[in-house]
There are 2 protein chains.
Amino acid sequence: MFNKETEYAIRGLVYIQLQNFEGKRPGIAEIAKQIDAPHFYTAKILQRLVRQGFVESLKGKGGGFYFDTKKPQLSLKQLIIATEGDSLFCGCGFGLKQCDENNPCPLHDKYAEIRNALNKLVSEENVQSLAQKTQRGEEMLSPRLR
Amino acid sequence: MFNKETEYAIRGLVYIQLQNFEGKRPGIAEIAKQIDAPHFYTAKILQRLVRQGFVESLKGKGGGFYFDTKKPQLSLKQLIIATEGDSLFCGCGFGLKQCDENNPCPLHDKYAEIRNALNKLVSEENVQSLAQKTQRGEEMLSPRLR
DNA sequence: ATAATAAAAGACCTTTTTGTCTTTTAATAG
DNA sequence: CTATTAAAAGACAAAAAGGTCTTTTATTAT
Ligand code: FES
Ligand code: FES
């Protein structure tokens, strides 16, 4: 569904939030290992997210990644749009250049419903809400064991 | 949502079915033009579909592509799985290697619902049903005009 | 048989995605 | 101030997706 970059970004940020809850600022090596993502690729992705202001970082001893609690929560939708664009939320499932309900493709009626549900999901969920679910122990973060 | 190959495959097959309804067997050049897809790439994709037995072809004068009406209808799901695999229908939205409802990721509950809806859509719809919708004039096939 | 037609096969290329690694910059501890 | 730590930056590369083109094979009409 989502591309690798998006997946690593979501998992990485959720892990950062989880550690922040404990008062810690994880570094790249730790994050990459815990979310089972390529070390340097994760670094590159996180750097982009820092530049975009989605998460903060600190260099040097004791440094690492953390969320600015003064900033509003980061919805999955914002994150996904930043990493892979909004075609998932606006694009035509049949591949027409524009989805236009007044000129629908033969998939439109049923597809638009699913697209809207996806839209709702990623609009409602955010990095913090996912981290909380994981923290409560109901949900799993790491794919390492599967 | 779907990759280009899948999109071209769906649009191409729907166009073929549409022409078959009129007793015609379209050729690659015509198909590619009508569905606004790259000529030679379309050829390659259709050739693969013929080899897989999803559609038939005839070489030489008067040749072209057509469906064997004795074969069962081709669901979108079969087609999608053939072109890009089944990760859309089984994969974890969070990127875990395995989606396991007994060990769910923090997205699982809501995501699995959407995935099931998508599954239902592509299981119910097939090339013939999409062609019929287009034929009834309610839905649009070509993206050329958008 | 021959010419014309149209798909099949497969080589080749470009772009995007994914991933790796080295060097530079910034922060902190001592 | 110096050494250490850790992120930032950016070059580089592998793999996958997307796309192009030429040659071969099969069919049909004449
Ligand atoms: S026109 Fe195709 S999904 Fe809306
Ligand atoms: S475990 Fe992630 S979607 Fe099921």
Side-chain angles (χ1 to χ4, degrees), chain A residues 1-13 15-16 19 24-33 35-68 80 82-85 87-88 95 97, chain B residues 1-13 15-16 19-20 24-68 80 82-85 87-88 95 97:
Chain A
M1 174 70 70
F2 308 121
N3 61 27
K4 292 289 181 193
E5 181 176 344
T6 302
E7 285 182 2
Y8 297 154
I10 297 176
R11 293 216 302 274
L13 293 183
Y15 182 77
I16 291 168
Q19 291 306 109
K24 294 183 230 161
R25 280 196 297 256
I28 284 172
E30 176 186 347
I31 296 168
K33 192 181 173 200
I35 68 172
D36 194 36
H39 183 146
F40 293 110
Y41 194 30
T42 305
K44 179 185 283 187
I45 292 167
L46 285 178
Q47 280 160 24
R48 282 197 277 249
L49 294 173
V50 168
R51 246 178 283 154
Q52 294 178 280
F54 289 140
V55 67
E56 319 298 315
S57 71
L58 222 60
K59 284 183 180 180
K61 226 168 205 172
F65 294 85
Y66 65 98
F67 284 96
D68 181 347
I80 292 167
T83 53
E84 61 178 89
S87 68
L88 219 38
K97 282 165 189 158
Chain B
M1 174 68 72
F2 308 119
N3 61 27
K4 292 289 180 191
E5 182 176 343
T6 302
E7 284 182 2
Y8 297 154
I10 298 177
R11 293 217 302 274
L13 294 183
Y15 181 77
I16 291 167
Q19 291 306 109
N20 285 182
K24 294 183 229 161
R25 281 196 297 256
I28 285 172
E30 175 187 346
I31 296 167
K33 192 180 172 199
Q34 292 297 319
I35 68 172
D36 195 35
H39 182 144
F40 292 110
Y41 195 29
T42 306
K44 178 186 282 186
I45 293 167
L46 285 178
Q47 279 160 24
R48 282 197 277 247
L49 295 173
V50 168
R51 245 178 284 153
Q52 294 179 281
F54 290 141
V55 66
E56 319 298 315
S57 71
L58 223 59
K59 286 181 178 180
K61 225 169 205 171
F65 294 85
Y66 65 98
F67 285 96
D68 181 346
I80 292 167
T83 53
E84 61 178 88
S87 69
L88 220 38
K97 281 164 188 158

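Each chain gets a letter, A, B and so on, in the order the sequences are listed, and its residues count up from 1.
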Please check if the side chain of B/Asn3 supplies one atom and the backbone of B/Glu7 the other of a donor-acceptor pair under 3.5 Å. no
Check whether the side chains of B/Tyr66 and B/Gln19 place a donor and an acceptor atom closer than 3.5 Å, and report yes or no. no
When rounded to whole Å, the NE2 to P distance for the pair A/His39 and D/dA6 reads 11 Å
Any donor-acceptor pair under 3.5 Å linking the side-chain atoms of A/Glu84 with those of A/Thr6? yes
Would you say a side-chain N or O of B/Arg51 is under 4.0 Å from OP1 or OP2 of C/dA9? yes
Does any donor-acceptor pair link the side chain of A/Lys59 with the base of C/dT25 at a separation under 3.5 Å? yes
Closest to the side chain of A/Pro38, out of D/dG19, C/dT20, D/dA7, is C/dT20
Whole-Å gap separating P (C/dT17) and CZ (A/Arg48): 10 Å
In whole Å, what is the span from the CD atom of B/Glu84 to the C1' atom of C/dT17? 16 Å
Side-chain donor or acceptor of A/Gln47 under 3.5 Å from a matching atom on the base of D/dA7? no
Between A/Ile28 (CD1) and C/dC21 (P), how many Å, whole number? 15 Å
Quick one: A/Arg25 CZ to C/dA27 P, roughly how many Å, whole number? 12 Å
Indicate, with a heavy-atom threshold strictly under 4.0 Å, whether A/Leu46 touches base, sugar-phosphate, or nothing. nothing
Between P of D/dA6 and CZ of A/Phe40, the distance in whole Å: 14 Å
For C/dG19, take OP1 and OP2 only and decide whether either is under 4.0 Å from a side-chain N or O of A/Tyr8. yes
At under 4.0 Å between heavy atoms, what does B/Leu58 touch on the DNA or RNA strands: base, sugar-phosphate, or nothing? sugar-phosphate
Whole-Å gap separating P (D/dA17) and CD (A/Glu5): 17 Å
Rounded to whole angstrom units, what separation is found between the OH atom of A/Tyr66 and the C1' atom of D/dA6? 14 Å
Within-4.5 Å side-chain heavy-atom neighbours: A/Leu13 and A/Phe67: yes
Do B/Lys44 side-chain and D/dG19 base share a donor-acceptor contact under 3.5 Å? yes
side-chain N/O A/Ser57 vs D/dA6 OP1/OP2, d < 4.0 Å: no
Does A/Lys97 pair with B/Asp36 as a salt bridge, N-O distance under 4.0 Å? yes
